Structures are given as structure tokens and as C-alpha cells.
Amino acid sequence: MNWKPELDDLARREAFAREMGGVEKVKRQRDQGRLTVRERIDKIVDQKSFHEIGAISGIAEYDDNNELKQLTPANCVFGRAKVDGRPVVVVGDDFTVRGGSADASISAKPLMAEEMAHDFRLPIIRMIEGSGGGGSVKTIETRGAANLPGGVGGTRWYWYTTANLARVPVVGLGLGSVAGLGAARLAATHYSVMTKSSAMFVAGPPVVKRLGQDLTKQELGGADIQTRAGAIDQAVDTEEEAFECARRFLSYLPQSVFELPPTVPCTDDPERVEESLMKAVPRNRRQVYKMRPIIEAVVDKGSFFEVSANFGKPIIVGLARLEGRAVLLLASDPFHYGGSWTAEACQKVIRWVDFAETFHLPVVYLMDCPGFMIGLEAEKSATIRHGVRAMAAVNQSTVPWCTIIVRNAFGVAGVVHQPANRFSMRYAWPSAYWGSLPLEGGIEAAYRADIDAAPDPTAKLKEIEDRLNKLRSPFRSAEKFWVEEVIDPRRTRSLLCEFARLAEPVRTAGPPSNMSTRP
């Protein structure tokens, strides 16, 4: 006598689970160019590392003899696995079972995925397609009552969904139509990716149509809309690209806030000299230049991983390595409003500085900021309010910080180039140029009487401008020790790698002092 009959029964139930929504539903999923949830898991995690939990949970049918006829699995698949050898939690919606609808879900499964990530301090990857739970119109009929959002016994999942943001890396992948709670779960992440054929919205086209807006899924919540709005960090062409983005993002981060980011072997010489930096910034201050080649020149080759590129464009944000050590990199982009901080750019700074603080990442800032954006639209978007919130985020941070002043540093936004009231490293290039206000426009206001009284106002304006420009030399500021060092741009990589080495023992693992749950 042994337990083979029971194991055979278990194998049969597991076989039903692997069929997901059935042959026709699986075929339709693939015919529409999308992978099934199980294919997605196989592709994103290390080979044969996935250990599923709750595989045979679902809705079963029995015959008159109480023998199993059919098992329709719950449309949530989750478990633990490894990504690049490190353990993670992975949870995915199965669109082949009732289109990822809440009616086919067992709420305890996605909840347990969040609990496991939280309590075992493991990164979590959410692969979302559908509404992701919570309830739908049909729920009223299937359950015989209307669901109260956040009602009795219904809040633990929501708590863990946001609490994990302050504890472990959270990645979300939007791989189809994502709505309602699914959209919230995708947005409640540190890093989110969607395929360009996907769409995300709080409520889909049929609901929005009742408001008089007749829109397609792409018109309502396509990738271009969501990345420009900052709701999604990145859009890619294929699911495979989304998986690679997720894996790469996690490679820069610790397993949880109780650890430090990993240092990887580096073959790129930390003393490498880049001659291109000598000509990177034009002498003509009205001429723009490309910041991304400067970034690539100073970080470990091929290590820069940009995020949120389509949102808050005056600020470039990404993860990078310096001699194998992970850092958060901020950089100005003079191609967008000259690098001026818009309301959206300030929001971007707040979010990613909080992120660096949460996961103990030193910050490097390549600065060229002529100040906050000005004008009517800037006032309408409350730029200054977002700006002082960015200042608060920077000042409240405790991670090591190093700033390279590449060109402009003006006004209140110019102040926010390093934390106040603690030591940070700072270097200026010879191209650096700073002050309370840019001379352009400011001279006319400050010297209006002199200019108006001159026989040749244009010549007088130029005379004053030339005189003040000589005083604006960074060397004059260095004489007064208002800036610490003016450096040869070619030394930048060497100094940044030294900063990363010095920062390594300063960082401490554990919940940061201003631990944030903002996605």
C-alpha cells in the first residue's frame, strides 16, 4: 500500500492547471501576439527555478460519484524563483481565464505573493493583464452583494501592495489590457514597463464612453500617453524586452532595504580618460549639447540604464555603475527647456531621490540647470510648489551625493544640486556658469537706468554684460571658496569612481530615515 493514487490525482489536477483557460483561450492569446502567464514566468526567471504555490486552486467540477471531472484554475499564478541567481517572488495574471477578471480570481493568492515578498524580504515582479482583482460588475450577481472597496476583510492586499514599496524592489509589467486595480498594482511599483500594444486605464473604453468620450484602448491609455504622463516608466515592443528590462533593473538593487546594492566585477578602467569631454560643452552658452554621451563617457561602459525617459524630460534619470558600484544618476538635458526644472521634472526628482534613499544608492548629479521654468504655464502647473518639494526630498536624503556642475546653476533650482546641511562632494567644469539669475534678461532690469541714459543703449548693454561675465568665471568663485574645485573634465570618471569607493562604507542597510511608499 502506498500513496501513488493520491499522487496520480495530484498530477491530474496539476495538468488541468497547466491547461489554463483551455486550448481555445490559449490559442487566442497567442494569436493576438501575447504569451501565456506560464510562458512569461518561464522567460523572466532563471531556467527551472520557479516553485509554484497554489497551482491546483480554482473551481472544480465533480460527477455524481464525487470524482473530479474538470478543474478551472484561478487566474493568478505565483511562486518563488530566481533571477540571475537571486531569489524573487513572481506573480502573474492569467488572461485566458475570464480575461484576468476578479470573478475568476482567488484573492488570497496575489495577497500571499505580496506577503511572501514582504516577510521574506524578496523583490517582487508583478505581470499584469486584466483587472487584477477587486471586483467587477458581474461580482454583484455572482456574490449576491455589492463589494465595498476597503470593506471588512478586504484591505490587507492593499496594505501590502503599498507597504512593499518601502521594503523590497517592486517591478510591474503591463502585458495587455490593464484596468482598475490592475492599473493601481502596475503604478504601485518602483519600475513599470508596458508593451506598446498594451493599454492601461482606471476604467476602459466602454465605461469612459458613458462620459461622452468614444476612444479606443490606445487612445485612452496607450504607451505614449502613459509614459508621457509618468504613470509608466518605459514602453517596449515585445514582452521579451520587458522581461530583460525587469531583470536589468533588479540587477542594480539589493534584495530589500535591509541590504546594500551589489557590487559587480568591473573591467572598465576607473582612471580612464575621455578626450571627448574636452569638447562636450560648447563655448557659446546659447548652443545646446547632448548630455547622454557625457553620461556614457563617465560611467562604466554600457552600465547606464535610463528610466522614465518620456516624462519630465529636462531631467535624465537612470541607474549606472562606477567601478562596479551601483549609483542613481541624475543629469540635466539642455535639449528640453535648456534644462530648466518644470513641474514634471521636479516630480521626477522627488520620486527617484526617494528611490535612491530607500535602496541606499549614492547619487551622482551632472548639473546644467538655469533655474525653474518660468512663464504662465509654469505658474499654472505650480512649478515652485513642486520645486520646494524636490528641495525637501534632496535635503531629507542621507545617501552620499556627488555633483558635477557642467554648465548652468541659477536661482532656487540651482540651490537644489546637493543636500543642505551635510557634506557632499562637488566639482565644477571650466564651462560652469552660475549666479542668482542668468545675465540674459537680468541686466536690463538691474541696470535699466544706466542703459537708458547711455547714448548707445545696445553698446552699453554689451559693455555691462562683458564686465559681469569676467566676474562670473568659476575661478573667481573658487578664489573665495564658494566652490571647492574646478576640474579638468577628463578627470570626471576618476573622481566619480573615487566617490563611489568612498561612499561604499558610508551607506547603511535598513529602513531609511524618511522611508517613502511613493511609487
Side-chain angles (χ1 to χ4, degrees), residues 187 190-192 224-235 281 285 288-292 294-295 304-320 327-358 361 363-397 399 401-420 432-434 436-438 516 518-519:
H190 296 111
Y191 177 63
S192 56
D224 189 59
I225 288 173
Q226 298 296 5
T227 55
R228 286 180 182 275
I232 295 293
D233 295 312
Q234 192 157 343
V281 181
R285 294 192 182 101
V288 297
Y289 61 94
K290 294 181 178 180
M291 180 62 80
R292 286 174 179 82
I294 295 176
I295 296 171
F304 182 57
F305 181 68
E306 187 171 357
V307 295
S308 300
N310 214 22
F311 174 74
K313 290 184 176 182
I315 285 286
I316 299 167
V317 177
L319 295 160
V327 298
L328 180 82
L329 191 140
L330 308 176
S332 304
D333 190 346
F335 270 82
H336 296 280
Y337 303 111
S340 298
W341 281 18
T342 61
E344 289 185 347
C346 293
Q347 293 169 45
K348 192 172 181 178
V349 170
I350 294 164
R351 178 186 169 195
W352 290 103
V353 169
D354 280 353
F355 172 81
E357 181 72 6
T358 299
L361 291 162
V363 177
V364 170
Y365 179 21
L366 304 183
M367 181 192 194
D368 182 354
C369 178
F372 288 122
M373 188 65 184
I374 61 174
L376 180 59
E377 290 305 312
E379 302 302 339
K380 284 183 176 179
S381 60
T383 301
I384 191 63
R385 177 170 291 279
H386 293 292
V388 295
R389 288 192 68 228
M391 179 183 289
V394 172
N395 287 345
Q396 290 168 6
S397 69
V399 293
W401 192 289
C402 182
T403 301
I404 307 292
I405 306 176
V406 176
R407 190 187 246 174
N408 291 303
F410 286 94
V412 179
V415 175
V416 196
H417 67 262
Q418 61 176 187
Y433 182 65
W434 46 63
S436 297
L437 288 170
S516 170
R518 289 192 293 265

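The figures that follow rest on heavy atoms only: side chains count, while hydrogens, waters and symmetry mates do not. Because the structure is predicted, anything quoted here is derived from the model rather than measured.
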Any side chain to side chain donor-acceptor pair (under 3.5 Å) involving residues 373-384? Give me the pairs, sequence neighbours left out, ordered by first then second residue.
Ser381-Thr383
Pairwise side chain to side chain donor-acceptor pair (under 3.5 Å) hits with a residue in residues 403-418, at least two apart
Asp368-Asn408, Trp401-Thr403, His417-Arg426, Gln418-Arg426
Closest approach of [X] and [Y], non-hydrogen atoms and distance?
X      : Y      : result
Ala378 : Met373 : CB-O, 3.2 Å
Ala345 : Ile315 : CB-CG1, 4.1 Å
Gly339 : Pro370 : C-CD, 3.7 Å
Glu306 : Gln234 : O-OE1, 3.7 Å
Val399 : Glu357 : N-OE1, 3.2 Å
Cys346 : Ala390 : O-CB, 4.0 Å

Sequence neighbours left out, what passes side-chain contact (heavy atoms from CB on, under 4.5 Å) with Asn310? Give chain and number order.
Asp224, Thr227, Arg228, Lys313
Is the closest side-chain heavy-atom distance between [X] and [Y] below 4.5 Å?
X      : Y      : answer
Met291 : Ile294 : yes
Tyr289 : Val406 : yes
Ser340 : Pro314 : no
Ser308 : Val317 : no
Leu319 : Leu328 : yes
Ile316 : Phe304 : yes
Val307 : Phe305 : yes
Val363 : Leu361 : no

Could you tell me the separation between the [atom1] atom of [X] and the [atom2] atom of [Y], rounded to the nearest 0.5 Å?
X      : Y      : atom1 : atom2 : value
Tyr337 : Phe372 : OH    : CZ    : 16.0 Å
Thr342 : Ile374 : OG1   : CD1   : 13.5 Å
His190 : Asp354 : NE2   : CG    : 9.5 Å

Holding to side-chain hydrogen bond (donor to acceptor under 3.5 Å, both in side chains), I want the full list of residues that pass it with Tyr365, two or more places apart in sequence or in another chain.
none
For Arg385, give me all partners under side-chain hydrogen bond (donor to acceptor under 3.5 Å, both in side chains), at least two apart in sequence or on another chain.
none
Given Val412 and Val388, is the side chain to side chain contact (heavy atoms under 4.5 Å, CB included) satisfied, shown in steps?
CA-CA 9 Å; Val412 179; Val388 295; 5.5 Å; no
May I have the step-by-step check of side chain to side chain contact (heavy atoms under 4.5 Å, CB included) for Arg292 and Asp333, ending in yes or no?
CA-CA 8 Å; Arg292 286 174 179 82; Asp333 190 346; 3.2 Å; yes
With sequence neighbours excluded, tell me which residues meet ring pair (Phe, Tyr, Trp, His ring centres under 6.0 Å) with Phe311.
none
When you measure from the side chain of Asp233 to the backbone of Ser192, do you find a donor-acceptor pair of N or O atoms at a distance under 3.5 Å?
yes
Under the ring-ring contact (aromatic ring centres under 6.0 Å, His included) test against Phe410, which residue among Trp434, Trp341, Tyr433 passes?
Tyr433
